[in-house]
> 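One structure is given below, represented as structure tokens, and several questions about it will come after.
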Amino acid sequence: MKIGLVGARGHVGAELIALLSEHPHFDLSFVSSRELAGQRVELLGTEGDLRYEALAPLDVAQRGADAVVLALPNGLAAAFVEAIDASFPRTVLVDLSADYRFDEAWFYGLPELARDSGSGQRRISNPGCYATAMQLALAPMVDQLVAPSQCFGVSGYSGAGTSPSPRNDPELLKDNLLPYALIDHLHEREVTRHLGHAVEFLPHVAPHFRGLTVTANLHLRSPTTAESMRSLYESFYAPHALVRVQEREPWVSRIAGRHHAEIGGFAVAADGKRAVVVATLDNLLKGAATQAVQNLNRAFGLPLLTGIPTELPA
């Protein structure tokens, strides 16, 4: 299948190029970036001579790719979607922005929690990185939750993109933890909608580059134990190789550069009705690029892990 990528300048774009170029069933046929137009795609090594192009929406549509991944900032996807709908409506679209996460006409592609297989879907909205971690942390217990869950999040500064801001300035972040958007964050609304459970999200940016952690505080209908929680999570995620459950609290440093999420650190209050669980993932991979490849695989009826490295590095 021929795959196009629009918005390749950012950190996620680089990860997508690496994954798509090694995929056994996908051919990365074009890569669009206005800022890098004309430059060779060095991430592909010495093979081939693919170059970045500055492609307008109509240009992208007329390429007739089997799928196009949109890795653009929020608010910019619509023109490309409209052009492709008009010219090649059979093209699969995976949008990494928030533009279609609240659109019922689009499939919300969190593969481990999707209500159907996603096979054959042509319009797929990739979940947000924090929203992925929060939903994975809460989903096994969602039927037992009786009040909004508080989720304290800390992310590396790559999550703020490449456009300069206080949230991706290493000097400003040095020895610091920067809170932001503490009420009504986009991912707070996203999780509340798609999980069907209200969350109160408190995001922060830390000095590290990649990887995020979410500590979720749960209020339960019935008493439980840490051992029972862990057993439930292990059973819930047993079919899903990209979610790994462990006893200890997961560390961001151990998830950076890896394609799976880790959940652990189960703790329960004395009365058994308040629990805490921790989830980590790489915001650029399972929080974005890896999940996009999962969604492409499902759209084309391929095994979910095709082209995704699952072995841990030595």
Side-chain angles (χ1 to χ4, degrees), residues 74 98 101-102 108 110-113 125-160 167 177-206 208 210-221 224 226 229-230 232-233 236-237 240 242-246 248-256 260-269 272-288 291:
N74 292 344
R101 291 178 194 157
F102 300 88
Y108 183 72
L110 207 172
E112 291 78 10
L113 303 182
S125 179
N126 226 52
C129 54
Y130 267 132
T132 296
M134 285 190 277
Q135 289 177 86
L136 292 176
L138 298 174
M141 299 290 290
V142 71
D143 291 339
Q144 283 292 315
L145 301 178
V146 294
S149 298
Q150 296 77 40
C151 295
F152 181 89
V154 180
S155 174
Y157 61 85
S158 60
R167 291 194 286 122
L177 191 64
L178 181 64
Y180 71 100
L182 297 175
I183 296 291
D184 199 34
H185 189 286
L186 173 65
H187 291 168
E188 179 178 283
R189 289 181 276 123
E190 182 181 341
V191 173
T192 298
R193 176 184 177 90
H194 290 286
L195 194 62
H197 169 72
V199 298
E200 297 168 350
F201 178 43
L202 306 168
H204 298 70
V205 181
H208 64 275
R210 63 193 302 159
L212 64 79
T213 184
V214 168
T215 301
N217 184 57
L218 287 58
H219 303 280
L220 308 180
R221 176 177 293 106
T224 190
M229 279 187 68
R230 180 184 173 190
L232 173 64
Y233 278 68
F236 191 95
Y237 288 118
H240 304 291
L242 295 190
V243 182
R244 303 183 185 182
V245 178
Q246 60 189 44
R248 69 177 188 272
E249 297 85 353
W251 291 10
V252 170
S253 62
R254 292 174 178 162
I255 204 68
H260 65 279
E262 292 183 354
I263 301 175
F266 302 100
V268 177
K273 298 182 73 173
R274 176 189 163 223
V276 176
V277 62
V278 180
T280 65
L281 54 78
D282 188 314
N283 54 295
L284 304 179
L285 294 176
K286 179 56 180 162
Q291 196 139 261

> Would the number of heavy atoms belonging to other residues, nucleotides or ligands and lying under 6.0 Å from CZ of R274 be above 12?
no
> Mark yes or no for whether H219, through its side chain, and N217, through its backbone, hold a donor-acceptor pair below 3.5 Å.
no
> Minimum heavy-atom separation for T132 to Q291, with atom names?
OG1-NE2, 3.0 Å
> Here's one to test your reading of the geometry: is the NZ or CZ of R193 within 45 degrees of the ring axis of F102 and under 6.0 Å from its centre?
no
> Any heavy-atom pair between the side chains of R210 and I255 that's under 4.5 Å?
no
> Side chains of Y233 and M141: closer than 4.5 Å at any heavy-atom pair?
yes
> Show the nearest heavy-atom pair for residues P111 and K286, with the distance to one decimal.
CD-NZ, 4.3 Å
> Are any side-chain N or O atoms of H208 and backbone N or O atoms of G156, one a donor and one an acceptor, separated by less than 3.5 Å?
yes
> In Å, rounded to the nearest 0.5 Å, how long is the span from CZ of R254 to CZ of R248?
4.5 Å
> Could you report the tightest heavy-atom contact between C151 and L138, atom names first, then the distance?
SG-CD1, 4.4 Å
> Assess whether atom CG of L177 is packed by more than 12 heavy atoms of other residues, nucleotides or ligands within 6.0 Å.
yes
> Please tell me if the side chains of E188 and Y130 come closer than 4.5 Å, counting only heavy atoms from C-beta onward.
no
> Can you find a side-chain donor-acceptor pair between Q144 and T224 that sits under 3.5 Å?
no
> Give me the atom names and distance for the closest heavy-atom approach of N283 to S158.
ND2-OG, 3.0 Å
> Within the 4.5 Å heavy-atom criterion, are F236 and L113 side-chain neighbours or not?
yes
> Is there a side-chain contact between L220 and L145 in this structure, where contact means two heavy atoms from C-beta onward sitting under 4.5 Å apart?
yes
> So how far is it from L281 CG to E262 CD, rounded to the nearest 0.5 Å?
10.0 Å
> Which value, rounded to the nearest 0.5 Å, describes the distance between Q246 atom CD and F266 atom CZ?
8.5 Å
> So which heavy atom on P250 is nearest to which on T280, and how close?
CB-OG1, 3.5 Å
> Rounded to the nearest 0.5 Å, what separates atom CG in L110 from atom CZ in R101?
10.5 Å
> Looking only at the side chains, is there a donor atom on one of Y108 and E190 sitting less than 3.5 Å from an acceptor on the other?
yes
> Using every non-hydrogen atom in the two residues, find where A133 and V214 come nearest and quote the distance to one decimal.
CB-CG2, 4.0 Å
> Check whether Y237 reaches the backbone of P140 with its side chain - one donor and one acceptor, N or O, closer than 3.5 Å.
no
> Check each of H194, H187, E112, H197 against Q135 using the side-chain contact (heavy atoms from CB on, under 4.5 Å) test, and report the only one that passes.
H194
> Show the numbers, then the answer: is there a side chain to side chain contact (heavy atoms under 4.5 Å, CB included) between D184 and R189?
CA-CA 7 Å; D184 199 34; R189 289 181 276 123; 3.1 Å; yes
